[in-house]
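In what follows, a single structure is set out as structure tokens and then discussed.
All chains are named by letter (A, B, ...) in the order of the sequence lines, taking the proteins before the strands, and each is independently numbered beginning at 1.
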There are 2 protein chains.
Amino acid sequence: MSTIGKALTLLDAVSRLEKDVGLTEIARHCGLDKATARRFLVELEKHGFVEQDPETRRYRIGGAPVRLARIREARFPYLSTAAPFVRELAEASGETVHLSEYAAGRLSTILVEDSPRANRVIVDVGSVLPFHATASGLAFLAFCSARQLEDVLSAPLEAFTENTVTSANDLRSLLAETARRGYSVCLQGLESGVISTAAPIKAPNSLPIGTIAVAAPLVRADEATIHRLGSTTAATAKRISEKFFGLEQLAAQPLARRAG
Amino acid sequence: MSTIGKALTLLDAVSRLEKDVGLTEIARHCGLDKATARRFLVELEKHGFVEQDPETRRYRIGGAPVRLARIREARFPYLSTAAPFVRELAEASGETVHLSEYAAGRLSTILVEDSPRANRVIVDVGSVLPFHATASGLAFLAFCSARQLEDVLSAPLEAFTENTVTSANDLRSLLAETARRGYSVCLQGLESGVISTAAPIKAPNSLPIGTIAVAAPLVRADEATIHRLGSTTAATAKRISEKFFGLEQLAAQPLARRAG
DNA sequence: TATTTCGGTTCATTATTTGAACCGTCGCTT
DNA sequence: AAGCGACGGTTCAAATAATGAACCGAAATA
């Protein structure tokens, strides 16, 4: 792998670890030498992608991605367009709703609206969703290109719970059903006691750019409820897509670059 | 410079260019060979930091920074804490208000709330603010460490307009005045016809982490007005800091890492 | 149709990355 | 308080990856 790839993988590792992390732990986690990890961290820090706590000497994600993300959102306002719909669905359903974005071959959680209930599902912002074991992943796979699907199926399907679907054939029939229905249902595929449903947010070329999902504790999710939530979710996804790609058409504003 | 540094500099260049950019333009802009630029772009694309439009083959900032930014904001919610105050100040002043964050030795605009007026100042999200020629920069310099100040003063001070302060001595006295007053004033330092005022948002160690600024067209900004706006801005900055670093104390929630 | 420009690729040359061993410091245990 | 182990950080010869001039085909331009 190239040096850049290794450095970005290290950055990814830092982003996955909870809280701040020390040099040795980062190096171990990436299978890199301590000296190498340190050089990468110094370089990433110079550019603001990580920062080091001057007191504890531990590292965390820095401020530079905030700027890049704001630039991207200004040109491609996926998150901000979807946010009100996510809130609306969370209120309507009373359950935790989360939004994901597809980038670099992965589906990442970029927004979570918690259920107000005491017994609720917790989803972390920034978490990466396994394709075969989450409603979001299934919703994505059911509508993505054959190429992307085969990429996922070519890797082994990890069993997170005893209910995780780990057979490629079972997965394919689940996806066919999802495609027919317009929304996916995942029964405790990643976490026991959690049922979720999701729908793809599609670009005009009909390929999904992300998903919206509702996750409920098993006790509140009987069959009828989950399908009611599923179709609401699919309708919401469609509305997000229309709003977003309606806005997209406008674009193209030649703005001044500076002002004090 | 290390390969990583070069790649991140290239990423920065892409982020500064308007819209999507082609390979040759990126390479030229970074002083890199076309082949090298391409290798960097391919590597950055693999990790979602840039994406290539399949049709035009031009490059733009990708989705990966969004995830990283959301993770950072979840742990260090500077932007989301400040946002309501920025809106409030924009409404109260009727002028364009922007928020900046200090990272990697630069002050970057991460939020802009536009004035409702037809004749208003435009500030781009993502723009980098020169320290000596913007109210935000002056507010930062007036309160930052001596080390950081000397770094800025050691570089030549570019003249953006005929009013830009380019003498280190003049700048020092401006900063002394700013420190005394608690807010900075910049008279057409970056763009003719624009007057702005800013105040630092300080961490508990009293070093600034960013700034909040109000920018008004010259015609609406007489001396009394600008000083009234300045003290409101300073008060707002103080409130953001208190809210944010009050919240900081709480922190430390051990969340579950997954849920479908 | 001729010409330029662009995105992308190749491969011998060159410069950078690598990591085992090392240092000093901190926190813990004995 | 003395000894131990773990940590962050550094060094330099050996190993490996980055580099860029020249090249290709396609598409815009003249």
For nucleotides 4-10 of chain C, read 5' to 3', which letter fits each nucleotide if B means a protein heavy atom sits under 4.0 Å from the base, S means only the sugar-phosphate is that close, and - means neither? --SBBBB

Separation of D:dA18 atom C1' from B:Ile4 atom CD1, nearest Å, is 13 Å

Between C:dT17 atom C1' and A:Leu41 atom CG, what is the distance in whole Å? 16 Å

Within the pair B:Thr36 and D:dG20, is there a side-chain N or O less than 4.0 Å away from OP1 or OP2? yes

Return no unless some side-chain N or O of B:Lys6 is found under 4.0 Å from OP1 or OP2 of D:dT19. yes

State which residues pass side chain to side chain contact (heavy atoms under 4.5 Å, CB included) with A:Ala176; sequence neighbours excluded, sorted by chain then number. A:Arg180

Tell me: CZ of B:Phe40 to P of D:dA17, nearest whole Å? 15 Å

Is a side-chain N or O of B:Thr211 found less than 3.5 angstrom from the main chain of B:Ala139, in a donor-acceptor match? no

Between A:Ser136 and A:Ser100, does any side-chain donor sit less than 3.5 Å from a side-chain acceptor? no

Could you tell me which residues satisfy side chain to side chain contact (heavy atoms under 4.5 Å, CB included) with A:Glu73, sequence neighbours excluded, listed by chain and number? A:Pro77, A:Tyr78, A:Leu79, A:Ser80

Check: A:Ile110 main-chain N/O paired with B:Arg70 side-chain donor or acceptor under 3.5 Å: yes

Residues that B:Asp151 engages under salt bridge (Lys or Arg N to Asp or Glu O under 4.0 Å), provided they are two or more places apart: B:Arg147

Check nucleotides 25-30 of chain D for protein N or O atoms closer than 3.5 Å to its own N or O atoms and list the pairs.
none

Rounded interatomic separation in angstrom, taking CG from A:Leu44 and P from C:dT17: 13 Å

Test item: side-chain donor near acceptor, A:Tyr102 and A:Gln148, under 3.5 Å: yes

Please set out all donor-acceptor pairs under 3.5 angstrom arising from side-chain atoms of residues 24-40 of chain B, sequence neighbours excluded.
unit_1: B:Asp33; atom_1: OD2; unit_2: B:Ala35; atom_2: N; d: 2.8
unit_1: B:Thr36; atom_1: OG1; unit_2: B:Arg39; atom_2: NH2; d: 3.3

With no hydrogens and no angle check, just 3.5 Å: does a side-chain donor-acceptor pair link B:Glu43 and A:Ser2? yes

For D:dA18 and A:Thr3 - does any side-chain N or O of the residue sit under 4.0 Å from the phosphate oxygens OP1/OP2? yes

Report the distance from atom CE of A:Met1 to atom P of C:dT18, rounded to the nearest whole Å. 11 Å

Take the protein atom CD of B:Glu43 and the nucleotide atom P of D:dA17, then report the distance between them rounded to whole Å. 12 Å

